[in-house]
Amino acid sequence: GAVVSQHPSWVICKSGTSVKIECRSLDFQATTMFWYRQFPKQSLMLMATSNEGSKATYEQGVEKDKFLINHASLTLSTLTVTSAHPEDSSFYICSATPGTSGGDQFFGPGTRLTVL
Amino acid sequence: KQEVTQIPAALSVPEGENLVLNCSFTDSAIYNLQWFRQDPGKGLTSLLLIQSSQREQTSGRLNASLDKSSGRSTLYIAASQPGDSATYLCAVKTSGSRLTFGEGTQLTVNP
């Protein structure tokens, strides 16, 4: 149980285009989903927290107009990287929690984004 | 602001050796601490989770301890194997289900 999937697993795009990444909780309802970014040989940095049906809360320094997050249902959250540039190339990982505050986070397998 | 530090950044050991990975955090007001494994280009696999009221957790060859008051945790791996080679991440949960990660320890176990 508690499986989280991401799609796509990798994507290559041209600079200036937008890319959408999906995060799905397959066997539970996720009240909260988190989006992280990980640069090579670095740790995971939280980008934003999203609760179903409400606006995402972004971490300081993360541009909300560039990284659009939608959590329209209890099993799906999407991250759209708008007008992507090479510096946005990174490994994006989502996690989902079914619980109340303190509930475990279950992580997706990640999406490798390369912007040419 | 919570900060998590992991030492060492990298570790290379021969197969069969017992080893200890260290994690420290600056704010002791945590809900729990979790150790993860990450293989190259992959997501995270949860290894052990220690609640703030607990002192340690064990799973197979892995043992994690938590000293909340001093802001420290250790992950002990017994009889290491080449398949244990990966990056090990420590993360602490503070308010609002927020996880703060350390930079990780990259472990290589040589046959």
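These numbers come from the heavy atoms of this one structure, side chains and all, not from hydrogens, waters or symmetry mates. In what follows, every chain begins at residue 1, and chains take the letters A, B, ... in the order their sequences are listed.
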| Just by distance, do the side chain of B:Lys68 and the backbone of B:Ser53 share a donor-acceptor pair under 3.5 Å? | no
| B:Glu17 (side chain) donor-acceptor with B:Pro14 (main chain) under 3.5 angstrom | no
| said: Are there over 12 heavy-atom neighbours, none belonging to A:Arg112, within less than 6.0 Å of that residue's CZ? | reply: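 Yes - once you tally the heavy atoms of other residues, nucleotides and ligands closer than 6.0 Å, there are more than 12.
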| query | Should we count NZ of A:Lys41 as having more than 12 external heavy atoms under 6.0 Å? | reply |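 12 or below, so no.
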| Side-chain H-bond candidate by donor/acceptor type, B:Ser69 with B:Asp67, under 3.5 Å |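 Result is yes, a qualifying pair exists.
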| field | Greatest number of heavy atom pairs closer than 4.5 Å to chain A - which of B:Gln38, B:Gln34, B:Gln6 | value | B:Gln38
| Top of B:Gly104, B:Ala91, B:Ser46, B:Gly102 for chain A proximity - count of heavy-atom pairs under 4.5 angstrom | B:Gly102
| Is it the side chain or the backbone of B:Leu89 that comes within 4.5 Å of chain A heavy atoms, both, or neither? |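 For B:Leu89, the side chain is the part near chain A, not the backbone.
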| query | Considering only heavy atoms, which portion of B:Leu99 lies under 4.5 Å from any heavy atom of chain A: side chain, backbone, both, or neither? | reply | both
| request: Please assess A:Phe107 against A:Tyr36 for the test ring pair (Phe, Tyr, Trp, His ring centres under 6.0 Å), listing each intermediate value before the final yes or no. | output: CA-CA 10 Å; A:Phe107 286 81; A:Tyr36 296 85; 5.7 Å; yes
| Top of A:Ser95, A:Pro109, A:Ser43, A:Gly110 for chain B proximity - count of heavy-atom pairs under 4.5 angstrom |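 Highest number of pairs under 4.5 Å: A:Ser43.
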| Part of A:Leu44 within contact of chain B (heavy atom distance under 4.5 Å) |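 Interface part for A:Leu44: both.
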| Part of A:Gln6 lying under 4.5 Å from any heavy atom of chain B |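 Neither part, no heavy atoms under 4.5 Å.
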